Every structure is written in structure tokens, then in C-alpha cells.
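The structure under discussion appears below in the form of C-alpha cells.
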Amino acid sequence: MARAPPPPPPEAPAASNNDVAAAAASAASAASAAAAASTSTAADEFFPAESARLSGEVERVTPGLEIERKASQRAAVGGDTAILPRLLDASGVLQDAASAIIDDTFNKCFTQTNEDSWNWNFYLFPVWSAGMFLRYFVLFPIRFVGIVMATLLFAISFIFVHNLLRGKMRIRWERGLVHLYAMAHVVSWTSVIKYHGPKPTKRSGHVYVCNHTSMIDYIVLSQVTPFSAIAQQNYGIVGLLQNTAMEAIQCIAFNRAETKDREMVQRRLREHVQDPDRLPLLIFPEGTCVNNEYCVLFKRGAFDLGCKVCPIAIKYNKVFSDPFWHSRRQTFPQHLITLMQSWAVVADVWYMEPQEMQPGETGIEFSERVRLMICKQAGLKPVPWDGMLKYYRPSPRMCEKRRAEIASSLVQLLPPKINLNLNAGAGAADGGAGGVGGGGGGGGHGGGG
């Protein structure tokens, strides 16, 4: 006898309109909150030119974006119209927002290395104590006294040369003093620096670009060959050095907040590069200090000068010290003292072959190509962020705009009937609010009458 076919499995109860609307509202709220916390949205708001550049040349296809694209393709060809799968298709937005929070590559660019404790056992603690005593009570006093004496000698000699000598002789002596002072700083950290490749020479039509970890990058490079540099105008001790010693070697200082300064800097850069009698020009195109593990986007100014670009890569060994300088947490003198209290500053410096803009290549593409060369040589991870974002926070207007966009994308996934009900409910809520406001206005007029 043939068996009767098994009964069909019971169908899941259909979701009501209220349940689906609540699920959509909940998903929209969670997605908007996560997206507001995402740093990538801030980049689109504060630097529209950079975001346009990224979208036009280096497209970031995230896993969440791929999910959204597949969902759109299924909807376009008349795919599955069930409510739950269509709502789950919107999980790409949530996935991208959550990934930005979990793997925050932007803030990692400005995080200092935390050393793990290794001294809390009976046989390593004596060794650690001896090392601490040697660093803080033997090496540090010697280094500190040495750099103080070098600073006093430099100041006295520089004042003497600046006021008594004239012409090319004064320029030559001032540059020599700056060179010696940079060497004194390198000695005060007990530095071990290896230089690879041909050293820079004074010649026109060349500009040098380098990744940036700290202001000591300039000192490390200038103790071999004095450079002219472009730097943000500072105050205090650093500002005093900029207005005296740095001025002697024709450095260019500017203020990021002043538009006129930007135009002046671009004009002075072109004049400097074309003058064969001036020192080689050194630019840090990242525009801010990064922790020597990542490399943020380069500013294009150095790559639009119409000259050859010579890349320089610096890689520090953080086993002996962490040279990353966070200017909002440490003043520069405090940073120097921290380096003098470490074991040593160990680094490798690579001077690479000059690069020219290729036919059909834009300044942005040229800067990206040079950035990738430096990252490959120094073992840095390139990230698609503008380093100046660390000085800004996302505006409330931008957050609200992003919330509205995500909520709209989620509502569009609902069937037409539910969508109409949601729109009608929103219209009724707006009408009720208007009615209440109108009533209040009427009362006001009545009181006035």
C-alpha cells in the first residue's frame, strides 16, 4: 500500500504591519547610531574634495557595500519578495558601521605603542630595576646636561654670527651651526641610524617628501644634510627656533587657518625649488604626525610643483623607544625628555630614486604612487584617511542627514502597502503637530486681542 504523503510543514505566521514597521524602525535606529560613530562619514563631510578623489580613483568596496549591491540586483530582476529577506538585505549598512567601530584604522594611526609589563617576577625584577636605574640616573643626566650645554653654545654662537657677519659668509656659518645642533640632538638620544641610498644634494628642480612621525624626523635627516622645510607655525620654544635658526635655513612657516598663507606657501615653494643656491626642500605631505605604523593620505601640494619628487622613508625600531609625538598630549620639550629617558632611538632611513609625473597622470595619482613606494619600503600600512580629520568632530547636521538616508533606504525595502501606511502615519503626525502649533498660535492671538 502506498503511503500517504507527509503533511506540509506549518507555515510561519505572517508578520503584521506593526511588527514589520517596528523592526524597520529599530534597524534604522541602530544603523544610524553606528553610522554616526563611524569615522568614514566624517571624512566625506569635512573633506569633500578628498572623498571625491577616493570615490573617483580608489573605490573602497566594503563587505557591506557588496551585500547592498547584490540586494539591489535581486530586486531589479524580480527576486525574492518576502519581507524578512528584504529587511536582512539592509544589513550591509549595519555591517559597514560595525566594522568601522571594531577595526578603527583611523584612530589607530595616532595611537602610541603600549609596552607590556614583563618585570613582575622574582628573577626579572632585578634586571628591570638595574635597567631603570641606568636609564634614569646615569644616561638621562648625562644626555640632559649635554643637550643643555649644546643649546647654550648654539644660542651664543648663532647670536654672534647673526649680528657680526654679513652676506654669504653669515648664511654659511648659520647653516653649519644648525647642522651641528641637529647632530647634538641625535647624540643626546644615543641614536643608531642607518642611512641607505645616495644622500641628498643641493640642486634645483627637486623636492624631497617623507613620512612623518615626529618633529625629530627633520633632525634625523638634517644631521646628514641640512634641509629647508615647510612647517606649521608654532609657539614657545619651537616657535623661537622657527623664527631664528629655521629662518636662517630658509624654512617656510604657515598657519593652516589662514587662506592667504596657503597661497603664499605655494608661491614660495615654486620659487624655492627653482633656485639652485637654496638648500634642498623637505616636505612632510601627510601634514600631521602618524605613529610610524600607518601612512595617511598625502597632500598634493608637493606634487603639483612641476619638479622631480625624491621619496624618503623612515622606519623607527620601537623596541628601544617610541618616537611618535602627539602634540596635544605632550609639548615638544617633554617629547625630547622622553626620548632622552629611553634606551636609544634606532631607525632606518631610505633615500629613493627621484620620481617624475608620468604622461596622463594627475597630481593626486602621482602623490598616491609615491606614498605607496614609501609604505612598501618602510613597512607601513597605507590607509585612505586625511590626517587632519583628527582635529575635527562630525557635525550634528551631518549625522542627522546620514540617519535620514539610512532610514529611507530601509523603508524602501518594505512592500508598497506597508510603505504607504508608514508614510500616512508620518503625515498624520506632521499634521497633528501643525494643528497643535496652530492652536497655540490662535491662543496667542486671542490673548493679544
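In this chain, residues are counted from 1 in sequence order. Every value quoted in this text rests on a predicted model; they were computed, and no experiment measured them.
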### Task
Applying side chain to side chain donor-acceptor pair (under 3.5 Å), run through Y316 and D217 and close with a yes or a no.
CA-CA 10 Å; Y316 293 97; D217 298 337; 2.5 Å; yes
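Between the side chain of T213 and the main chain of F324, no donor-acceptor pair closer than 3.5 Å is present. Under a 3.5 Å cut-off, the side chain of R371 and the backbone N or O of C295 do form a donor-acceptor pair. Between the S228 side chain and the L281 main chain, no donor and acceptor come within less than 3.5 Å of each other. Remark: the backbone N or O of I314 is paired with a side-chain donor or acceptor of N292 at under 3.5 angstrom. Of the possible polar contacts, one joining the W325 side chain to the Q330 backbone as a donor-acceptor pair under 3.5 Å is found. Under a 3.5 Å cut-off, the side chain of S321 and the backbone N or O of P323 do not form any donor-acceptor pair.
Heavy atoms from other residues, nucleotides or ligands lying under 6.0 Å from CD of E353 number 12 at most. Counting non-hydrogen atoms of other residues, nucleotides and ligands closer than 6.0 Å to OH of Y195 gives a total above 12. Heavy atoms of other residues, nucleotides or ligands lying less than 6.0 angstrom from CH2 of W343 number more than 12.
In this structure, CZ in F298 is found 11.0 Å from CD1 in I283, a value given to the nearest 0.5 Å.
Shortest non-hydrogen contact noted between N211 and F284 is O-CD2, 3.8 Å. The two residues R143 and W189 come nearest to each other via the heavy atoms NH2-O, 4.1 Å. Taking every heavy atom of both residues into account, M340 and S188 meet most closely at CG-O, 3.5 Å. In this structure, T225 and F227 approach most closely via the heavy-atom pair O-CD1, 3.1 Å.
When each of K315, K318, K108 is checked for a side chain to side chain donor-acceptor pair (under 3.5 Å) with E293, only K318 meets the rule. Exactly one residue among Q355, Q358, E356 makes a side-chain contact (heavy atoms from CB on, under 4.5 Å) with F366. That residue is Q355.
Between F154 and F158, the distance from one ring center to the other falls under 6.0 angstrom.
Between R267 and E271 there is a salt bridge, since a side-chain N of the basic residue sits under 4.0 Å from a carboxylate O of the acidic one.
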